[in-house]
Amino acid sequence: MKNFVEFIIDIKRHITSQKKSAFVATVVVGLLVHMVVMVSDWPNHDGLASMYFDQNMITSGRWFLTVACGVSSYYTLPWLIGILGILYLGITAVLLVDITEVRSNIAAALIGGLLASFPALASTFAYVFTLDGYMLALLMAVAAVAVTKKYKFGWIIGAILLALSLGTYQAYLPFAIILCLYMVTLHEAGKGNFKEKLLNCLRYLYMGVGGAGLYYAILKILMQIEGKSLGTYQGIDSLENSASSGGILNTVPAMYKDFLSFTVKSKIFAPNAFGIEALIILSLVFLYILIKTAKEYKWFKKPWFYITCLGIAAVMPAAANIVMVISPDVNYHLIMRYQWVLFPVLMVAFSDKYSDLLVMGNTIAGKNGSGKNNRKSGMASVFASWGLVIAAAVIILCYGVADNIGYSNLSKKYERTYSYCVRLLDRIEQTEGYYQGIPIVMIGVVSDDEYPATDLTAGVTDNMIGLSGDYLLYKNADYQSFMKNYLGASLNFLTGDIIGEVYYSDEYREMRSFPGADSIRIVDGIMYIKTENMDE
């Protein structure tokens, strides 16, 4: 057995310059883009009640989340959680470079930059109290694919890693599936005979099925031990019935519709005109390399090539939206769409693997031949080389800008909420008859009539959950949490049937919405507070 120093030296021997480039790029871009939120305390609506949260989310199927988040404690510590999350993401980038066999430092750095800047990460930062756990889940999902690829029986360890990833956050299952699809199609295109291809596919299938089965078995055991059942959040309670053929068939059209809608219409995948043009250029470079490689290896003469291309086009939307099969009623928000970053990432990886655009060499890697001279590609390859780097860099920049627009709005949401709650709390405490602990019924959130919308980021942040909107207040509990955690005031908000009784009372109907002079009243010992729109 090696001692500690020998162990470190051995690890260093296996860390290639490409892996270093991927890790460093991920950390540098991650810090440049997300530092502003890491050194601030800008909660989102869920974060108001999560200043301390033990992350016991077994009723949502996340039985490993409490362990994954335990490293940073259960307190909301943006800097520590952010650093851990970016480090986990850096290791994920290293694994992606290793899996896809990236040969150039530039391509490796671009992959790291894309991972660290994609807006799904910014949306996750809005839920910073759980970010490190989610990034660990992503790391484990990619690691599952990595060990399955590297070792003959690696699918066994891969299944365990995938189960742990699902037990932390189920949304990264599509990430692993898309990566597996790429590995058994474009990455290994033309390699081996039919038997070898089949065995290779089966290993990834064993990993996926084994991981999902192990995840579900552990979930059932732990729920039995704790005497709990799956909750209704995001339709997770439909997990046990998701395998029915009728349910799957009914969900398929929605999966494809959602894929096209998010990819084309949302301003996430392509935030602006520059991003759209860059994605088009990157796609054209990818197609150029694909066609050039297909000619070199005579793939056009082989039926499997056309079957593979059609299969990928048909299956990819379903793979990206596989969560909709598990939970048909899911509210598919941005945090759950990290897998979309794989499209530019894998285009860069494929272009690098099968061309010399970014490496100092003259062969196309592959098993099918001894290597073919690639220096006669002419000006097309030169333009493709520049186009690949510039397009990917522009995409990274566009993503980073979109992220910071979201963060800018999040900071303003906090400031508006702080100002609003200070004014409201002062009015509450100045109301005649108020005393500490008085029962309070508050109806409404923030009146649009009295406080018009001032979010200037509409369009950019519309689909960035946690970063859009004008205020952090979406329900009565948000008022209570904000005033307690940020203003130091404990108020006694009532819940239940009393809310309906107050809402239909004559006294409440006569009141104006805050900040109206009669927006707060005390009726029969209960304080009524009206903050809803006047026409409701």
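Only a predicted model underlies this, so the values are computations on that prediction, with no experimental measurement involved.
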Donor-acceptor pair between Glu296 and Tyr354 side chains, under 3.5 angstrom: no

N/O donor-acceptor pair under 3.5 Å between Glu101 side chain and Ala349 backbone: no

Separation between CG of Leu342 and CG of Leu114, rounded to the nearest 0.5 Å: 10.0 Å

All side-chain hydrogen bond (donor to acceptor under 3.5 Å, both in side chains) counterparts of Ser72, not counting sequence neighbours: Asp132

Val348 backbone acceptor or donor facing Lys353 side chain under 3.5 Å: no

Flag, side chain of Ser165 to backbone of Ala137, donor-acceptor distance under 3.5 Å: yes

Shortest non-hydrogen separation from Tyr172 to Leu138 and the atoms involved: CD1-N, 3.6 Å

Whether Ser50 side chain and Phe53 backbone form a donor-acceptor pair below 3.5 Å: no

Side chain proximity check, Lys295 to Lys292, heavy atoms < 4.5 angstrom: no

Donor-acceptor contact present, side-chain Asn44 to main-chain Gly466, <3.5 Å: no

Donor-acceptor contact below 3.5 Å, side chain Tyr338 vs main chain Leu115: yes

Parallel, tilted or perpendicular, as decided by the 30° and 60° cut-offs, for the rings of Tyr215 and Trp63: parallel

Interatomic distance, Met347 atom CE to Ser283 atom OG [nearest 0.5 angstrom]: 4.0 Å

Side-chain donor-acceptor pair present, Ser381, Tyr288, cut-off under 3.5 Å: yes

From CA spacing to verdict: salt bridge (charged side-chain N to carboxylate O under 4.0 Å, His left out), Lys149, Asp98: CA-CA 10 Å; Lys149 172 181 181 287; Asp98 186 49; over 6 Å; no

Separation between CD1 of Ile86 and CZ of Phe23, rounded to the nearest 0.5 Å: 10.0 Å

Spacing of OG belonging to Ser351 relative to CG belonging to Leu287, to within rounding of 0.5 Å: 9.0 Å

Nearest atoms (heavy-atom pairs only) where Ala22 meets Val97: CB-CG2, 3.5 Å

Test: Arg62 cationic atom under 6.0 Å from Tyr169 six-membered ring centre, within 45° of axis: no

Pro174 side chain near Asn321 side chain, heavy-atom distance below 4.5 Å: no

Aromatic centroids of Phe262 and Phe269 separated by under 6.0 Å: no

Heavy-atom closest contact (Ala144 atom, Gly158 atom, distance): CB-O, 3.2 Å

Minimum heavy-atom distance Ser21-Ala108, with the two atoms named: CB-CB, 4.2 Å

Phe4 CZ: over 12 foreign heavy atoms closer than 6.0 Å: no

Pair Ser104, Asp352: side-chain N/O donor-acceptor within cut-off below 3.5 Å: yes

Any donor-acceptor N/O pair, Gln18 side chain to Asn105 backbone, under 3.5 Å: no

For Ala176 against Val145, the heavy-atom pair lying closest together: O-CG2, 3.9 Å

Audit row: Met35, Trp79, side chain to side chain contact (heavy atoms under 4.5 Å, CB included) steps and yes/no: CA-CA 8 Å; Met35 176 76 78; Trp79 173 252; 3.4 Å; yes

Residue that, paired with Leu139, satisfies side-chain contact (heavy atoms from CB on, under 4.5 Å) out of Leu89, Val94, Leu95, Leu87: Leu95

Neighbour count above 12 (heavy atom, 6.0 Å) for Tyr74 OH: yes

Verdict with reasoning, Tyr127 to Thr130, per side chain to side chain contact (heavy atoms under 4.5 Å, CB included): CA-CA 6 Å; Tyr127 296 81; Thr130 194; 4.2 Å; yes

Pairwise side-chain contact, Met140 with Leu162, heavy-atom cut-off 4.5 Å (strictly under): no

Within the 6.0 Å centroid threshold, strictly below: Phe259 and Trp340: yes

Min side-chain heavy-atom separation Met183-Ile99 under 4.5 Å: yes

Backbone of Tyr332 reached by a side-chain donor or acceptor of Arg337 within 3.5 Å: yes

Full working for side chain to side chain contact (heavy atoms under 4.5 Å, CB included) between Leu121 and His34: CA-CA 9 Å; Leu121 180 59; His34 308 289; 3.3 Å; yes

Spacing of Met38 atom CE and Tyr407 atom OH [to the nearest 0.5 Å]: 9.5 Å

Reported CD-to-CG distance for the pair Glu226 and Asn56, which is rounded to 0.5 angstrom: 5.5 Å

Arg203 (side chain) donor-acceptor with Tyr151 (main chain) under 3.5 angstrom: yes

Atom OH of Tyr52 with >12 non-hydrogen neighbours under 6.0 angstrom: yes

Step-by-step side chain to side chain contact (heavy atoms under 4.5 Å, CB included) determination, Ile268 to Met464: CA-CA 8 Å; Ile268 300 299; Met464 298 177 73; 3.5 Å; yes

Sub-4.5 Å side-chain heavy-atom contact between Leu96 and Val102: no

Exercise: identify the closest heavy-atom pair between Tyr75 and Ile81: O-CD1, 3.8 Å

Asn409 (side chain) donor-acceptor with Ile405 (main chain) under 3.5 angstrom: no

More than 12 heavy atoms from other groups under 6.0 Å of OH on Tyr306: yes

Heavy-atom neighbours of Phe274 CZ exceed 12 at 6.0 Å: no

